[in-house]
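To keep things clear, I will list the structure first and then write my remarks on it.
Heavy-atom basis, side chains included; hydrogens, waters and symmetry copies ignored. A note on names: the letters A, B, ... follow the listed sequences, proteins ahead of strands, and every chain is numbered from 1. These numbers were taken from a predicted model, which means no experiment stands behind them.
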Amino acid sequence: MARSAVKNFMENRIRVRFAPSPTGLLHVGNARTALFNFFFARKKGGTFILRLEDTDMERSSAEAEGAILNDLKWLGIDWDEGPGQPGEHGPYRQSERLETYRRYGGELLKKGEAYRCYCTPEELEEKKKRSLARGIPPKYDGRCRNLSAEEERSFSAAGRPASLRFKVEARTVEFQDLVKGKVSFDGQGIGDFIILRSDGVASYNFAVVVDDALMQITQVIRGEDHLANTPRQLLLYKTLGFLPPQFAHLPLIVGPDRAPLSKRHGTTAVAHFREEGYLAEALVNYLALLGWSSEDAEEIFSLEKLIGKFSLGRVSRSPAIFNYEKLKWVNRNHMKGLSGEKRLELAWPFLKKKGINVDDVGVAWLNTALETVWEEVDNLNQLADHLTVFFEDGWKMDPEAQDLLQKEEGRRVLKGLIDELRTVEEITPENYKLIIFSLAKRAGLSGRGLYMPLRAALTGKIHGPELEKVFVLLGKEKTLKRAEAALAKAE
RNA sequence: GGUCCCAUCGUCUAGCGGCCCAGGACGUCGGCCUCUCACGCCGAAAACACGGGUUCGAUUCCCGUUGGGACCA
């Protein structure tokens with residue numbers, strides 16, 4: 001095994017992995033880790049592996065796994081090995097690899113690199129508390145490290161469950177992190193740690209090492225929260241006889257208070273950003289910008305372009321605060337580039353969800369309507385609100401608009417408009433200018449004096465899209481109806 | 001408590017000893033465009049945490065302090 005890892009390394013056959021726990025929705029921090037692994041693999045022509053760390057049976061679920069897979073696909077991430085993509089290093093769920101961990105654990109026990117520990121969780125907890133109270137680092141005291149055969153026998157006869165502990169010899173552990181640079185740990189602080197729990201399930205550190213080694217991972221790209229686990233893992237690699245991979249620890253994504261990003265900071269789940277109407281490519285783009293920058297200072301890119309530009313060397317070392325405002329800006333930029341067809345396809349479910357009557361308005365009309373409000377919104381979810389003004393229900397007269405119509409000039413404009421409209425068949429982009437020109441002459445007004453009462457009467461608001469669009473989208477019938485209603489109300 | 005990581009405008013960042021009285025982007029403010037809002041364009045304010053070294057010269061290297069964070073849990 002070690003030899004093929006060396007071979008991969010020498011031949012520069014990159015193998016990276018993303019290993020989420022299926023305990024909930026994929027959040028942006030993990031998504032960013034997945035993305036960086038994916039970028040790196042694709043850029044280098046390597047293999048991207050997806051592995052589920054589901055040894056915590058209590059908290060893991062098939063639903064969560066399905067949701068995570070779905071979110072990854074939505075983001076545009078696909079994996080070469082993993083669930084649904086059989087490879088020669090499977091299975092890719094830790095719950096299906098329990099035997100393997102036990103086998104390696106047994107080997108360490110046999111070689112004397114690990115020992116059975118009969119301490120109960122209560123005893124351990126008690127010791128920890130006492131250490132903390134006395135201000136000493138809470139480190140396992142090695143109580144069971146040198147049990148006599150007799151003691152062992154009596155413990156096991158008493159039916160005390162045993163976990164397996166790894167013997168840590170105090171020494172300095174150093175490694176070159178691809179992001180952090182040289183990192184060095186004082187081995188004194190590391191106590192003998194559990195590799196197999198008394199129920200036979202592998203501990204996190206042990207399972208990860210066995211899996212990464214067996215799956216021949218060449219670069220472990222993960223969150224900085226695992227940095228302090230690395231020396232333990234390195235010790236395991238060495239003792240197990242595996243060649244360790246390179247490590248790259250990504251800075252954390254935090255909230256405005258610099259605490260790790262969590263729900264209380266707002267939306268954090270990829271699925272929720274999708275529901276709020278953010279484009280996958282925009283979210284990917286923004287996430288890439290958190291903790292990474294392109295050489296040429298460009299900020300808007302497609303997934304393809306991102307892959308081309310990505311490099312671990314340009315990942316920053318300090319944590320980044322998630323900024324919703326900038327995400328909105330990135331999203332607007334991605335929305336801009338979309339074709340009419342794509343816009344319609346993306347907007348459809350969001351309009352439907354908000355109760356907009358998309359089925360009877362006609363595709364051509366809807367296209368024009370979308371085009372009109374498209375640049376006004378930050379995300380797909382806001383579309384419906386901006387469109388309500390073109391529908392009979394859902395629009396209402398704002399007080400400011402009403403005030404504007406109380407003036408004599410306002411009423412004059414409305415009367416004129418009604419007369420003008422009665423002379424035309426329908427409002428089209430072509431005759432719109434003629435209508436306005438003629439109305440201006442009739443009312444003796446121009447500019448604001450002319451346009452604002454029109455806007456107020458037709459949209460009920462003093463801000464909104466271009467009036468020409470409003471006229472055309474409303475059509476003669478609705479325009480007339482609204483003008484008449486407004487006039488009646490103003491008198 | 002120990003170990004470890006981090007520290008440039010409000011935010012994301014560029015900077016890998018002189019190009020920097022620090023550049024870009026979001027946001028903010030002002031102007032232009034314009035029937036309004038938005039878009040777009042133009043402009044402004046805004047930062048090297050602090051203290052020691054090293055050096056002819058430090059944002060950049062070293063040490064300490066402070067602050068934030070992770071892990072041991």
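Taking the C1' atoms as reference points, C9(B) lies 12 Å from C26(B), given to the whole Å. With both ends at atom C1', the span from U13(B) to U8(B) equals 9 Å, rounded to whole Å. Using P as the reference atom, G17(B) and C62(B) are 12 Å apart when rounded to the nearest Å.
Residue contacts shown for R258(A) are limited to sugar-phosphate atoms, with no base heavy atom under 4.0 Å away. Here P231(A) lies out of heavy-atom contact (under 4.0 Å) with every strand. At the heavy-atom level, G187(A) lies nowhere under 4.0 Å from the strands shown. Using a 4.0 Å heavy-atom criterion, one finds that T230(A) contacts no nucleic acid atom at all. Residue-level contact check: L289(A) touches the backbone only, with heavy atoms under 4.0 Å from sugar-phosphate atoms and none from bases. Using a 4.0 Å heavy-atom cutoff across all strands shown, E295(A) reaches no nucleic acid atom at all.
Remark: P of C71(B) and OH of Y204(A) are 11 Å apart, rounded to the nearest angstrom. Rounded to whole angstrom, the span from the CG atom of L227(A) across to the P atom of C4(B) amounts to 11 Å. At whole-Å resolution of the value, CG in N323(A) and P in C9(B) are 14 Å apart. Rounding to whole angstrom units, CZ of residue R232(A) and P of C71(B) are separated by 11 Å. Going from atom CG of L458(A) over to atom C1' of U36(B) covers 13 Å, rounded to whole Å. Rounded to a whole Å, the CZ atom of F185(A) is 12 Å from the P atom of U3(B). If you take NZ of K182(A) and P of C4(B), they are 12 Å apart, rounded to a whole angstrom. Per the geometry, CZ belonging to F247(A) stands 15 Å off P belonging to C5(B), to the nearest Å.
Between F273(A) and F322(A), the ring centre distance stays below 6.0 Å. F36(A) and F310(A) have their aromatic ring centers within a separation under 6.0 angstrom.
K336(A) has a side-chain polar atom (N or O) that falls below the 4.0 Å cut-off from OP1 or OP2 of G40(B).
For C37(B), there is no paired base (Watson-Crick or G-U wobble, both distances below 3.5 Å).
Looking at residues two or more places apart in sequence or on another chain, you find a salt bridge (Lys or Arg N to Asp or Glu O under 4.0 Å) between E169(A) and R145(A).
Listed nucleotides: A25(B), G27(B), C35(B). Nearest to the side chain of E325(A): G27(B).
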